[in-house]
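See structure below.
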Amino acid sequence: MSLITKSLMKFARQRFALDWDGYHGVSYWARVRHNGLLLAEHTGANAKVVEYFAFIHDLGRENEHHDPEHGHRAAEIATQLAGDLIDVTAAELRLLQHACTWHSDGHLEADITVMTCWDADRLDLGRVGIRPDPQRLCTEVAKNPEMVIEAYERSLR
Ligand SMILES: [Fe+2]
């Protein structure tokens, strides 16, 4: 069963300041989740953290463009939700906070779970007209040409 509960979605709807159906909205989060769970099967990432990352990492965005603080805001949201709407251990929360905080800074190295989160997000760049560049991905499985192309095609739908 998905960890993305009705109450978490209700919170997200209230918290998210942008277009629910826009570039950074719910269908994008669902694709990041899809990418992340595919990657996690191979990377061994913590799938719970990956799933929560997908639905939280852009929740604190205040615009669709340049918003350098939104990762930090997402980490704060994760902290606020821990033990309530999201079910994480202290170690999982640390991974989720790290993944959220630094997800849009182009980093390539971190814990495998964090790198899986970042790749899941970057594989969806087609939605803004960017073909994911393997050199900007962290994990070998994400760099696989088939993975890149399939994620790119999903992002365009
Ligand atoms: Fe983001």
Side-chain angles (χ1 to χ4, degrees), residues 2-5 8-40 43 45-82 85-86 88 92-139 141-143 147-148 150-157:
S2 172
L3 300 169
I4 311 305
T5 58
L8 179 56
M9 288 305 280
K10 192 176 164 201
F11 169 86
R13 266 197 187 272
Q14 285 165 350
R15 179 64 181 75
F16 192 52
L18 307 179
D19 181 2
W20 187 249
D21 299 308
Y23 281 126
H24 294 101
V26 70
S27 51
Y28 157 60
W29 305 342
R31 289 192 305 273
V32 173
R33 172 177 178 268
H34 183 94
N35 291 339
L37 293 180
L38 279 180
L39 296 176
T43 66
N46 181 313
K48 249 169 90 178
V49 172
V50 167
E51 222 175 317
Y52 285 135
F53 170 84
F55 278 74
I56 292 173
H57 76 286
D58 268 356
L59 197 48
R61 264 192 174 273
E62 293 177 353
N63 68 63
E64 303 277 7
H65 314 285
H66 187 62
D67 184 0
E69 290 303 312
H70 81 279
H72 294 268
R73 262 178 245 125
E76 282 166 23
I77 294 171
T79 310
Q80 174 196 345
L81 296 181
L85 295 179
I86 68 174
V88 281
E92 287 167 341
L93 178 60
R94 277 195 297 276
L95 290 170
L96 181 59
Q97 289 164 330
H98 189 86
C100 285
T101 302
W102 304 110
H103 80 270
S104 59
D105 294 75
H107 297 297
L108 293 173
E109 281 185 42
D111 180 277
I112 188 64
T113 292
V114 172
M115 293 195 294
T116 301
C117 292
W118 292 345
D119 280 352
D121 183 29
R122 291 172 197 171
L123 280 172
D124 199 70
L125 282 169
R127 79 189 180 282
V128 288
I130 300 171
R131 209 177 252 274
D133 175 357
Q135 290 191 354
R136 296 187 180 182
L137 296 169
C138 308
T139 65
V141 55
K143 293 177 190 182
M147 183 68 82
V148 173
E150 283 174 17
Y152 181 69
E153 284 172 355
R154 277 194 298 276
S155 70
L156 299 177
R157 274 182 220 142

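When a ligand or atom number is given, it counts from 1 through the structure's own listing order. Fair warning: this is a prediction, and the values are worked out from it, not measured in the lab.
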- N, O or S atom of H57 closer to the Fe ion (ligand 1) than 2.8 Å: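 Within the cut-off used here (under 2.8 Å), H57 places no N, O or S atom near the Fe ion (ligand 1).
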- Task: With the Fe ion (ligand 1) as the reference point, give the N/O/S atom of H70 that is nearest.
- Result: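 For H70, the N, O or S atom at the smallest distance from the Fe ion (ligand 1) is NE2.
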- Heteroatom of D58 nearest to the Fe ion (ligand 1) (N, O or S, atom name):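 Nearest to the Fe ion (ligand 1) within D58's N, O and S set: OD1.
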- Message: Within a 6.0 Å radius of atom CZ on R136, are there more than 12 heavy atoms belonging to other residues, nucleotides or ligands?
- Response: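 No, because the 6.0 Å sphere around CZ of R136 holds 12 heavy atoms or fewer from other groups.
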- Can you label the angle between the W118 ring and the H107 ring as parallel, tilted or perpendicular, going by 30° and 60°?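 Rings of W118 and H107: tilted, 30 to 60°.
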- Less than 6.0 Å separating the ring centroids of W29 and H34?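 Not under 6.0 Å, so no.
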- Item | ring-ring contact (aromatic ring centres under 6.0 Å, His included), paired with H70, selected from H103, H24, H65 |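 The passing option is H103.
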